[in-house]
Amino acid sequence: MKRTDGELILFWTLPVVAIIWVSAFLLFPGFLHPMSPTMSAEEVAAFYRDDTARIRYSMILFNWFGVGLIPVVILLAMQIRRMAHRTPILSYSLIACAAGPPTLFLIANMFWLLGSFRPDRAPELTQLLNDLAWLTFTVLVPYLIAQCLLFALAIYWDRQEKPVFKPWVAHFNVLIAVALAPAAFTALASTGPLAWDGLLSFWVKNIAIFVWIIVMGIVLGQTIRQQRALETVAA
Amino acid sequence: MSTTFNKRLLIVWLILTSMTLAYVWIDHTVDQNGTLRASTVVTVSAIVIALIKVRIIFREFMEVRHAPALLCRLTDAWVVLIAVCLLGSYFVGTAISS
Amino acid sequence: MTNLADSQPRLEEKSAKFVPGQPDMWMFVLFETLLFTGYFSVYLVSRTQNEQLYLQSQADLDLRIGVFNTIALLLSSWAIARCVKASREGAYRSALINALLTVSFGLVFLTSKVLEWVKEIHMGNTFTSNEFFQHYYFLTSIHCIHVLIGFIVLGVAVYQLWSPARRSQQLVETCATYWHTVDFLWVLIFALLYVVR
Amino acid sequence: MSTSTTESVTVPDPPADSRVGRFVWNLRYHPKRELWFAWWVMVIFYQLYGVLFFFVTRVQPPPSPAWDTPTVVGWFDDHSLGVRAGFGVVFLVAGMCAPMNALLAYSMRRMSVSRLFAYSYLIIYSLAAVPGMLVMAIAMTVGALRPDRDPEMIHWLYDFAFLSFSGTMGVFMIGSLVYLVAVLLDKNRVFPKWYGYLSLCNALTEVVVAPAWIFHRGAFAWNGAIAWWINMVVFVLYTGVFIVLLRKLIQREDFGTGPLPEAVR
């Protein structure tokens, strides 16, 4: 019997974090339906005035659990170390990516909370905070893209009889990276699919993140279980 | 054995210090009643004296004297380079401003 | 006895040519000098654009303090040069004393520098006062940072000289080369800030 | 610990005829593929960085901090599309920093120093990209987003962007110092000592840039002769040097084709 090293505890925080994220996402009044970049300063100010409570509580929730994904990324980095690579470069790369998205998300989170802190602020200022929040939230993709692509590359290079992950996991990660990419260009349009409330920048990006968490959670769970079974046999 | 070296270092130090003190004399020649006046002669001589001191430090204190020719040339080239840059920027700057 | 045996080839090399310290440190010295030359050139050009302001501000500097600073650093440079010679001859006790002397002269320089800053600030001349004092505080403080790094470097030299187990002549020479650089950079800064008209 | 330590899939010989074939073979089977991948990512990232910051967004060399508000608003009007598209690409590719920093950290793992150095450097430099680059990109993009915004706010975003970019100092300074100590202590001669000393020069540029937080004009402002131009020379030189040195490091590495080293796991 392997002694308790806490790996599974950290892994099982993932569904909890996912549920909290979904609840906070639904609680925030600006996500369903997403706020349009074409809203006037008055409209934005009215939004913060009318929905102050829901904005505050949902964002406080996000602030608490925004970093929840880091253990999972580190678990992936640990799995990369089991792969048939000659250097630790790719696992280092994943570690280097881990803190990026939560940091950017927390910046966005703070701007939202700031906007709701004094809803009677001049509408122009509230709009500025709102712009900063939405833009930061939408463009937090660079590290997620890098993470997916690097992880896919790690799997492609894992040439051994029993690779740690199956090849479809790599293809899936590339697909997610492609789905996340358009959001980087959200500033080019204030209407249409690229705008931050649009099909590509909002729906495709956020659904991709959600699907990635579900799928990678299941895959990672299976891999850890197999690894533990193997280690028990070996020991 | 070491006395010759030490004597040489002491002489070098004395030269460097007296060159530093020479600045005080230069300083007194140009100022009138505490008012500072612009002077190309003072500027150029201050820079030149400083560079001579730098070269002495290179040669004696930093022992470039005993170093291979490459390092000797390189440090000398550097002294010239600094001289060109400093005097160049002074004269070019003066030419632009007037 | 081992010390003597070790130092013997080194003494014979005296007449032969050698690079003092790591050649790598020389690259640093030359590059850093180039950077400072850049700072100096910017200073001299800005100076010529507004000569009256620079001259008036310069009147607030005390040349005597500058001369004292320079002599203190020259003394420290002299001491570290003696230290290198002594350690090359195996006279480690004398080398150590000279290294510690270097540190003390360095501290004298640092103290007088800080006192001068305090005096200038009391006279109302701060970093944001005017262009001359921007350059004055910038050049003196970036040099001061080099002096502080120099104390770490001298610490390495003292550490090397302390125990018979270490005593790498190359490292001592490397440290000395760094310290001399701090010295001659100050010689240039002194001339440019205090004397140039 | 691990179950299989050998690369049991047989490796075919590299094709000799076509360049594309060789490239694909290198990509799949070359023993140093991970290192070369990270190295090329680094080279391409710096190329992109240069093109995006100097030519597309035109934020480098930086415009003046002394401008009045209408001039700043005018600047945003002129560069609006370049800023939004250029920083869009920045948001897309900023993740390339990760393999780059991983390679730099790996070079420290080859040195005879504690692994503390590699991990500290990795974390410091990964963090650095957010205040040092992405915050600027966000502030600039928001500034270009609404030309009809209150000019004072656009001016604030302008200051925020350039000051966060130039004024993020400590992470790069401490990171370079970590590298410096690692290189100087290293007994494996992974990098020459002069590179360590050059790291000190790079660390000092971050001291030199500090007055950018204070001055609106002159040599020490964020576009000044000392705070920007001289620093840029050092930065470009330093970057060029470590790219070349890392290339040599990778060329020197000899993994052979045998069993995988246990150490990397």
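Throughout, protein chains are lettered first and strands after them, A, B, ... in sequence-line order, and every chain is numbered starting at 1. The shown structure was predicted, so the numbers you read here are calculated from the model rather than taken from an experiment.
In this structure, chain D has no heavy atom under 4.5 Å from any part of C:Leu34. For D:Val208, the parts sitting under 4.5 Å from any heavy atom of chain C are the backbone and the side chain alike.
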Distance-only donor-acceptor screen, chain C against chain D, under 3.5 angstrom:
| residue | atom | partner | partner atom | Å |
| --- | --- | --- | --- | --- |
| C:Gln22 | OE1 | D:Tyr197 | OH | 2.7 |
| C:Asp24 | OD2 | D:Lys193 | N | 3.3 |
| C:Asp24 | OD2 | D:Trp194 | N | 2.9 |

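Residues satisfying the side-chain hydrogen bond (donor to acceptor under 3.5 Å, both in side chains) criterion with C:Trp186, sequence neighbours excluded, are C:Thr70. Every residue meeting the side chain to side chain contact (heavy atoms under 4.5 Å, CB included) condition with C:Val158, not counting sequence neighbours, appears here in chain and number order: C:Leu96, C:Ala99, C:Leu100, C:Trp162.
For D:Phe55, the CZ atom is loosely surrounded, since the number of other residues' heavy atoms within 6.0 Å does not exceed 12.
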Exercise for the section: Test C:Trp78 against C:Asn98 for side-chain contact (heavy atoms from CB on, under 4.5 Å), laying out the working first. Expected result: CA-CA 9 Å; C:Trp78 171 65; C:Asn98 275 303; over 6 Å; no
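For the pair C:Cys144/C:Val114, no side-chain contact is recorded, criterion being any heavy-atom separation below 4.5 Å from C-beta on.
Per-residue heavy-atom pair counts under 4.5 Å with chain C were compared for D:Cys201, D:Ala219, D:Gly218, D:Gly196, and the maximum is reached by D:Cys201.
Considering all non-hydrogen atoms of both residues, C:Phe151 and C:Val103 come closest at CE2-O, 3.8 Å.
Counting only residues at least two apart or on different chains, the salt bridge (Lys or Arg N to Asp or Glu O under 4.0 Å) pairs with a member in residues 94-117 of chain C are C:Lys113-C:Glu116.
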